[in-house]
Structures are given as C-alpha cells and as structure tokens.
K.L.:
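Have a look at this one before I ask anything.
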Amino acid sequence: MTNRSRGTGKIETAIENCRSEGKWKKVIELAEELKLGSPHYECLANFLIGEGKLENFLDENPPIEANFTKAKTGLSEAKSYLQMVTGDDGQRAGIALDSHLLLAKLAYACGQYDEVLEHFVKAELNSLSEKELTPRSLRILAESYAIKGLSLENQGPQKGSSRYKIAERESEMITSFERAADLGLLYLQDQDAVANTTASEQRRMGAILETALQRAPIVLIKAGKLQEAIERYRSMLSAVETKTTQTLRLTLARQLAEVLLRGVSGTIYTPPTTSTLPRSTHAGAKKLWKPRKYSGRNQFLPRNLHEETILLLLISEALAVRDAVLSVSPEFREARAHTIGNATAIYDLLALATVRWGLASLLHQSFEKALKFTFGEQHVWRQYALSLASTGNHSQAVRALSESSLLVPTDPLPCLMSAKICYENLGRMQEGIEYAQKALSKEVKGLRPSRAQLLVGIGWQQIALGFTLRSEREKYHKQALEAFEKAIQADSNDHLAEYYLALQYALLHDIPSAVLHIQTALALRAEHANSLQLFALLLTANRRHKEALVVVDDALLEFPDNLNLFQLKAHLELHLNEAEKALNTTQKMLMKWKELYELQLSGESTTDYVEKQSDTRSTQHHSSQLSDRDSSSIHAASISASRIEQALSEAASSLSSFTPRQGPQKALIIQIRIWLLMSDVYLALDQPSEAMNCVQEAASINMLSPQVMYQRGLVYLHQNQLTDAKQSFLDAVSVNTYFTDALRALGETYHLIGQPRLAEKVLRDAVQIDPNDAHLWFTLGQVLETLNDFESAADSMASALQLETHCPVLPFTSIALTFE
C-alpha cells in the first residue's frame, strides 16, 4: 500500500478529512466536483466515488450472510467504479492497490470468498512493507487482513488438500487475524489521539474490525495453540486503551478469564513474564504496524493462575459497572438489558473462580456493587445470597433469598435454599419448615417434586430430636415419617428421600425397616457418604461390627477426606478391641485434618493449597463433617442440647479472661473432636498420661468446651482420681445441663465415692433427657441395686438389655445433615 500525494488543494484536503471521518455522501459529492473541475484527476475521482458508494452501503447493510443477495445488486455501481482504476491509470495514480483491497471488501460483502482472495493476491497483501500510513489507509489495511482471515475461515480447506496445505492455510489465516488485530488497535489509537486533540467525532470500530479482534485468539484455540491464544489475549489487553476499545477490552478480559478457568490447569499454566511485558522503545526501533502498549516499572505481574484470573475478572467487573445503565426508563430497556447481561456473565465467572480458590469474601463485595444496577435480577440476588452463605452471613443470605423469591414468585428454589440454610447453619427449624412448605406449594410437576417434601420431613425430624418430652418427640417423628414417605411417592428414584426415611426408621428403633430403605438408597446411588455411614451404623445395631468395618474401609477408598468415616472407623476398632489400629486411624485423621485445614488456619494461600481445594474430590463433604452435634467420644443427647452447649460455651468464653484460639471455628471444632477421640484411644491402651496430653491439646483450642471438661474427667476417672473426675463432670454439666454422657459419668462417679442417692438423681435426670440410651439405664440399675431397690434395678437392667440390642456404636444422630 502506498500513500498518494495529491497536492494541497482545498477539495483534496476536504475529501481526505471526510474519508477519515466516514462522511461518505460528502466524499462522493466532492469527488464528482473534483472530476468536473480537474479532468486529470478523473482516475482518483472514480476511485473515491467507488469507495464512497461501497462504504455508504456497508454502513447501512453490514457484511453478513443475510445481506449477501442485496449486496450483489446494491454494490454493482461501486464495483464498476473501483474496477475502472485497477489498470495502468490506477497504477500511475497510486490507487490500484487500494482498489483491489476495496474490491476484496466488496466481494466479501457479497459472500464471494474466492474472489476476495484473488484480489488480495493481485494487491500482493502478504508482501507489503511497513511504512507510515494515513488513518484511512491504515483502516483499509486492517480490514483487509481481517477480511482475508474471515474468508479463509468461511471458505474452509479445499477438497483433497494435503496436510501440509491445510496447515499452511491455517497458519495464513492466523497470521491474517493477528495482523488485523494489531493494525486495528493501532488505527483506533490514532483515531483516539485525533479526537482528543481536535474534539472531532469518535469513529466506530465497525463490524469487520471488531470481529477480527475477537477472532484472533479464538482461531488459535481452535487450532490447539492454547498458550499462543493466551499470549494474544495478553498482548491485546496490554495495548493502550481507547474510547472505542473499552467495550472490547471487557469482552477480551472476560474471554481470557474463561479460557484460564476452563482450559488451563495449574500444571500447564505459564504466567506472564517480564519478557512478555511491553517495553519502552526508541523511535528508530519502533514497529510502525504494532499498537502502542502500556509500559512502566511498577506494573503488577500475576504470579499464578488464580491471580491472573481474578485480576482479569476484577478488570471486567470494573468496566461492566462503569458502563452500567442505571435508568429504568423504557427507552433504555435494551441498553440496560445488554449491560446487565455482560455483568451477569462476569459475576458467574467470578463466582466460579472465587469459590474454587476460597475467596468468597471478594465475591460478596462484588455482588454488593452489582445490586446497585441489577436489583431487579433474580439470578444476581441468588448469587449474592450464596456468597453471603459462603462467608458465614447466613441470616443475611436468607433475607437475600427472600428478595430473590419475590422477583420470581413461582420459583421454588430460593425457598428450598432458605430451608437448607435454616436447618444446617441457623438452627431455625420451624422457619426452615415454613420455607420448605412454601417451596412445596410452588413446585412444578417433573421438577424434582420430592425435594420440597423431603425438606419438610427433615425439619420435622430435627424438631423431634430437639424435644426431651416423649409425647412431643413421637408426634414430630410421625410427621417426619409421613413427609419422607410422601417424598418417595413423589419421586421413587430419589436416593436422598430413601436415605432420610431409613434414618427416620433408625431413630424410631425400627432397624429392619431402616436396613431395607438404606439398601434402596445405596442401590440408587452407591457413592453417597452419609448412606454408607448410616448403613455401617445399622450393621453395628445388628451386632455385625466386623462387616460394618469393611463397609467403612470401602467407603474411605471412595471418600478419602471424609473425617466422619474416619471417626466411625476408630470407634469400630475400639469396640473390636483393636486399640492399636484405632490409634493409627486417629493419627491418620489428624494428618488429614492438617492437610485440609492447617493452611486455612494459618491464613496462607499458596497455589498448591488453592489448587488442592479445587481438585480434592470430597471437599463438598467438609462443611458438614463432625458438626457441633457430633463428637469423637461424646454425644450430646439432642440437637437442642448441642446448641445450648455451644451458646453457653461462647458465653463463658466471653466472660473469661481466656480467649479461644482465633481462626475458622468449624476447623477448630473438628480439631478438638479429633484430639478427644485420640484421648479415648489412649485410655483404651491404658496410657492415661498420653490421653491427658490430648485433652490439653484440645483445651489449648478452647478450654471452656464442655466436651473437653468431660474428657478430662474420664482421664481422672481412669486414674481413680474421683474428686477431680467429679469436678470435671460437674463443670461440663454446668455448661450444658443436657449433656447426657457427662451426667452418666457424674452419676457413676457419685456411685463410686459412696453417694448413691445423688447418683440416682443425676441418672434419672439423664434418662428423662435421653430414654433410649442403654448405658444410662444400665448405670442407673447398678445404683438402684446398691440402694436395695431391686425391683426398679431389674426394670432398669431390662430396659438396658432391650435397648442394647439395637444400639449402634455411635448414635444415629451423629451423622451430619446432608442435602445432596
């Protein structure tokens, strides 16, 4: 391509200005005037008329397939004018090359891809050397490379082409798109500079250039050149921004983030290096056809995959928020929908990235900004609610879900999610049931109709477990049973409904029915940790402890990070008098805890850690593992008791000079349970000093935990230090009056120190709380025998024997809630 020198006449100057500004009708008028006034400029005038007619048509009819037929007739006159100047006269006037380039553009608008490529061969497009160009010439050249790439892509390889020819064609297409991208960005930068200095109107990018800029990295991805595509994205994003490319920058940043999230793993990721950063260059070394790039010493350089992905998404978010349309007037409806669509796509990617790498707080902040212009979007409210839940703001999450539900009243999902949060995180069972019943009233047939009914049943089941009065407990257990049966009637293939029905029968001590339904649940979904755990517990209730151990070992192969299964395995080994194996199991459990949680507690965030969190298969089970109602060696008799224990423990902590160790409470609670379980194992091995060391480790996390106090009492009891044991059990019961294991141990201690009346009172209180505990009845029977109340003692022993026949190695309520 050459620059033409046409003198400095007023007409020529006006024409050039109009060409740069895209005023094509004016260009045609001035060219006609030039043709009449200066016959020796006839060749140039014909070129300008042809160019004007072509560009004017394409402004109104973009070069898309739907317009091909219209273009063939509508551009015939433009084609004639441009063909006039491809001969010797055009060569002498320096416009033949430009004519071929514009004829290629015209052929592309007509869908004639072979003709497009023929014109580029005649223009010798591949052999052009870099030189200074006018803005208009720069645009023509950028569009030419774009059109060549698009034509090669649309045309596809010729039949019978060799692999070499196909590879050569692919390389030529990629090169064309890359050159189009570089020249297009340079043209837009020049236009931006002109607009800033002259206050002229900002030129649009045009469909061809915009398509080429986005296709450049995509064709590299399609060709399997992922790293080259990433470098192309990085190169375009590091180009100096213009007003025209602001929207494009948002698209490119989002696309690169998506590529990094979906197509790149930590093992093949290559971070940007200083060698790929733009550098300041001397004027003589400047590449004329490359866009200007940002340069500076203090540029931030991402060090790993998640840093670059998050950076790109935050840049995209900033651009989306800046472009957001806040007005709700009808005339802005389309623009508003477009900006909301852009923002929603970014927030979805941001949710994937932040959750994968444990950065939920960042997501929460982003959604708070998003709600300023997406307050009427249910999807955003729902995502915001999930971000709140993941950061521990569960009450706010429920309120956000309520807003989401108001926006689409027929959608049951927000109500289902609210019920789950109420059950699992807030302990507001009645409120959870209300949400589940609302979801049930909204359900559409065929859309998992059992789940709302199932959540109703879960609510009744949890309420039943919270009652100590037998009549109330039986009433709610019956309601739960009916709800679970209805859930199975609604969807007989729902493994979760079968699991909860099995659990309900287990809680009602109907072990045969529980076994039948848990087998059905496992037939529907064999890989379900809670079902496997319940199945193992049911086997222990049938005195089949060795078979249960086999089930747990198999389950751990499938769920190697599930600490609940480790806990059950250790208890089974203790029951089978294999304390050495139990010690090995608890040591593995502690190592697994360190692997999963230690970095989280230390506040570190290394690449290896975040990658592990995203790749670990059973991470989804961590949130419910060893929940507050569970225990390694102690079981709170009811859910309400567990909550009182937690509340009193927190209150005692706030009133004491002792401050529990800082950090994520779920991880710390799990660590306490592991140390206490290990203490139990050492007691079985007759190593009380080691057992006390484990208690001290747990106490260093929270010395005011009633479970720690109870376990300390067990160690004292093992050493026959009855006074210290009694005081420890009293401390535990003073924090949680419903702590039945501590009450039983306290009663046993009173019995040993010769205070049977006190022992009887404490044990009768415990039996009122949990009448299904065989150990309580047995200890009460021993005390009553000492008091010579043989008839009552016999009744207590009989109750113990009856309950012991279906007593699992751990209570059925030790299984954490699950919703999957």
K.L.:
Mind checking whether Gln671 and Tyr597 have side chains closer than 4.5 Å, heavy atoms only?
P.N.:
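Gln671 does not reach Tyr597 side chain to side chain.
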K.L.:
For a 4.5 angstrom cut-off between non-hydrogen side-chain atoms, does Ile221 reach Gln255?
P.N.:
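They are not in contact (no side-chain heavy atoms under 4.5 Å apart), so the answer is no.
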K.L.:
Give a yes or no on whether the backbone of Ala816 and the side-chain of Asn530 come within a donor-acceptor separation of less than 3.5 Å.
P.N.:
yes
K.L.:
Side chains of Gln533 and Asn564: do they bring a donor and an acceptor to under 3.5 Å?
P.N.:
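No pair is found: no donor N or O on one side chain lies under 3.5 Å from an acceptor on the other.
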K.L.:
Flag the pair Leu538 / Phe812 as yes when at least one side-chain heavy-atom distance between them is below 4.5 Å, and no otherwise.
P.N.:
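SC-SC contact between Leu538 and Phe812 confirmed.
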K.L.:
Kindly say whether Leu803 contributes a backbone atom to a donor-acceptor pair with the side chain of His509 at under 3.5 angstrom?
P.N.:
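Side chain of His509 to backbone of Leu803, a donor-acceptor pair under 3.5 Å: no, none is there.
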K.L.:
Is it the case that the side chain of Tyr500 and the backbone of Thr818 share a donor-acceptor pair, with hydrogens and angles ignored and the cut-off at 3.5 Å?
P.N.:
yes
K.L.:
Rounded to the nearest 0.5 Å, how far does CG of Leu501 lie from CG of Leu496?
P.N.:
11.5 Å
K.L.:
Looking at Leu539, Leu537, Leu568, which hits side-chain contact (heavy atoms from CB on, under 4.5 Å) with Pro808?
P.N.:
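Testing each of Leu539, Leu537, Leu568 against Pro808, the sole residue satisfying side-chain contact (heavy atoms from CB on, under 4.5 Å) is Leu537.
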K.L.:
Going through the distances and angles, do Leu810 and Gln567 end up as a side chain to side chain contact (heavy atoms under 4.5 Å, CB included)?
P.N.:
CA-CA 10 Å; Leu810 278 175; Gln567 173 187 239; 4.1 Å; yes
K.L.:
Begin with the C-alpha distance, continue with both residues' side-chain angles, and end with the deciding distance and a verdict on side chain to side chain contact (heavy atoms under 4.5 Å, CB included) for His306 and Arg356.
P.N.:
CA-CA 9 Å; His306 60 281; Arg356 176 185 292 185; over 6 Å; no
K.L.:
Can you name the residues that form a salt bridge (charged side-chain N to carboxylate O under 4.0 Å, His left out) with Lys475, not counting sequence neighbours?
P.N.:
Glu472
K.L.:
Checking Ser405 against Lys442 for the side chain to side chain donor-acceptor pair (under 3.5 Å) test, could you report, in this order, the C-alpha distance in whole Å, the side-chain angles of both residues, the deciding distance, and whether it holds?
P.N.:
CA-CA 11 Å; Ser405 184; Lys442 297 178 180 183; 2.9 Å; yes
K.L.:
Do Trp460 side-chain atoms and Ile433 backbone N/O form a donor-acceptor pair below 3.5 Å?
P.N.:
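No, Trp460 side chain to Ile433 backbone: no donor-acceptor pair under 3.5 Å.
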K.L.:
Testing the 3.5 Å rule here: is there a donor-acceptor pair between the side chains of Asp680 and His571?
P.N.:
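Not at all, the side chains of Asp680 and His571 share no donor-acceptor pair under 3.5 Å.
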K.L.:
I want to check something: taking the side chain as every heavy atom from C-beta on, are Leu532 and Leu522 in contact at a cut-off of under 4.5 Å?
P.N.:
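Contact flag for Leu532/Leu522 side chains = yes.
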